[in-house]
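Step one of this worksheet: look at the structure below.
Order of the sequence lines fixes the chain letters, A, B, ..., with proteins taken first and strands second; residue numbering starts at 1 for each chain.
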There are 2 protein chains.
Amino acid sequence: MQNNALTPPPGSSSARPPRGRPREFDRVAALATATRLFWIKGYEATSIADLTEAMGIGTKSLYAAFGSKDELYAEALEYYYTTYEGLVWTRFRKASTAREAALAFLEDSAIAMTGGDCDLPHGCMATLASVGSDGHAELAELIRATRAGGFDILKARFDRAKIDGDLVLAADTTKLARFVQIVQSGMAIRARDGAERAELHAVAEMALSGWENITATVDQGMEREA
Amino acid sequence: MQNNALTPPPGSSSARPPRGRPREFDRVAALATATRLFWIKGYEATSIADLTEAMGIGTKSLYAAFGSKDELYAEALEYYYTTYEGLVWTRFRKASTAREAALAFLEDSAIAMTGGDCDLPHGCMATLASVGSDGHAELAELIRATRAGGFDILKARFDRAKIDGDLVLAADTTKLARFVQIVQSGMAIRARDGAERAELHAVAEMALSGWENITATVDQGMEREA
DNA sequence: TCCTTTATGCAGTGATCGATGCATAAATAG
DNA sequence: CTATTTATGCATCGATCACTGCATAAAGGA
């Protein structure tokens with residue numbers, strides 16, 4: 001949860017200026033390049049050779065600056081989230097109702113996953129990340145936690161909507177948040193397969209077209225099931 | 001599309017019985033074991049050493065029987081589909097309306113993705129397959145084609161529903177099929193992350209709770225968007 | 001100027017990757 | 001029986017994996 005060995009604060013307080021030879025490359029730019037590569041190809045398919053070539057530095061500099069491949073990936077995932085989370089959550093936070101928030105989240109996800117306003121890689125780095133769980137337990141847990149964070153935000157917003165009054169108290173916010181999260185996850189897979197933005201946009205709208213039914217009848221729906 | 005080098009007919013017509021030393025292992029059982037391993041760990045994270053150990057055979061026998069890792073994966077994907085597609089599509093095919101078919105597909109997917117009635121690996125092998133596109137273009141295309149097959153089945157069913165009359169002619173069956181496919185894809189990711197069957201079951205129901213709104217207003221929804 | 005500190009380039013570490021050569025074992029055909 | 005055909009076990013291939021030791025270059029502090 002807190003900063004462990006994998007995620008040291010990147011721009012930690014530089015109390016004294018470094019005395020030796022200064023770094024010849026921009027660390028942030030290199031991290032951005034690494035992030036893009038991991039985003040596109042994933043952890044396992046991205047080799048150190050791929051990274052050093054794309055970043056324009058040698059392996060020694062990479063390890064001196066980032067420690068290991070795992071630590072670099074962890075920093076890249078953090079960079080990814082802090083840099084691009086606004087694309088997906090800004091309108092969500094401004095929305096006045098739970099439904100508007102969910103729709104904004106899915107619509108803006110559709111935009112972000114198809115390149116945004118620039119040429120971002122398609123798909124969601126956190127959703128599509130699949131680190132083989134052999135010896136990378138720490139990374140796998142970090143990725144799972146990142147995914148879980150999105151769910152928590154959704155559920156918290158829906159819980160607040162109950163207090164605000166725009167969501168009935170009987171609504172199951174956990175299931176609601178899971179549903180929205182699952183739709184976004186599915187969009188990520190389609191985006192990686194080359195889906196157009198309009199397709200994902202339409203899906204965002206269709207997903208919430210039954211909002212009133214969902215929020216009002218989800219519990220009695222479970223009773224009907226049993 | 002047709003059988004290429006990667007997918008020779010496994011049980012092709014044995015015109016004459018083999019003359020030499022018979023194989024000491026069951027090829028189908030070995031393929032089933034390999035399929036399960038690929039299903040759980042994916043293509044890249046599953047090594048030949050992992051496979052030979054799990055299958056209980058040597059590398060020479062593996063290559064003699066299956067050709068290469070790529071060809072083995074292709075056969076495993078085919079085995080996966082032909083063996084388990086019934087879990088997901090049987091009730092779908094029997095359904096009398098498009099909505100019932102879609103609901104059956106999502107509900108049965110929820111069951112299959114959480115182990116079915118035995119201890120199947122969680123998640124969908126085809127959906128979660130992510131072969132790094134470096135030098136494995138043929139496999140990547142095969143996987144994309146497998147995913148596309150599911151979409152085609154859904155869309156064909158919805159198109160038929162228009163003729164049957166239980167779906168309005170104005171409905172956009174392409175978007176409808178994409179939506180259902182995306183929900184199922186998202187379920188696969190959640191299943192791999194350890195989702196309970198009940199959670200995915202609830203999502204299947206929620207996804208189709210706006211069916212009447214979707215099928216009736218999807219086009220005017222697009223107009224409202226523009 | 002000299003000394004310390006840091007970064008870089010190059011070569012190379014052991015390990016593992018997918019895949020093979022070779023000798024041998026085991027079966028059938030004659 | 002012998003000859004032929006096939007499967008297997010063992011050792012190993014070159015390539016690549018993540019990663020590091022060592023010598024050198026380049027900066028600041030004194």
R27(A) atom CZ is separated from dA7(C) atom P, nearest whole Å, by 11 Å
What string of B, S and - do you get for nucleotides 14-24 of chain D, 5' to 3', if B is base contact, S is sugar-phosphate-only contact and - is no contact with any protein heavy atom under 4.0 Å? ---SSBBBB--
Does K69(A) make a cation-pi contact with Y63(A), if we ask for NZ or CZ under 6.0 Å from the ring centre and within 45° of the axis? no
Rounded to whole angstrom units, what separation is found between the CG atom of L62(A) and the P atom of dA7(C)? 13 Å
Separation of I57(B) atom CD1 from dG9(D) atom P, in whole Å? 9 Å
Expressed as a whole number of angstroms, how long is the span from E53(B):CD to dG9(D):C1'? 16 Å
So what does F66(B) hit on the nucleic acid, given a heavy-atom distance under 4.0 Å: a base, only sugar-phosphate, or nothing? nothing
What integer distance in Å separates E24(B):CD from dA26(C):C1'? 8 Å
Do the two ring centres, one from H136(B) and one from Y43(B), sit under 6.0 Å apart? yes
Salt bridge (charged side-chain N to carboxylate O under 4.0 Å, His left out) against E53(B), all qualifying residues, sequence neighbours excluded: none
Any ion pair linking R147(A) and D193(B) (charged N to carboxylate O, less than 4.0 Å)? yes
Name of the residue among F92(B), W211(B), F179(B) meeting ring-ring contact (aromatic ring centres under 6.0 Å, His included) with F158(B): W211(B)
Between R27(A) and F25(A), is NZ or CZ placed under 6.0 angstrom from the six-membered ring centre and within 45° of the ring axis? no
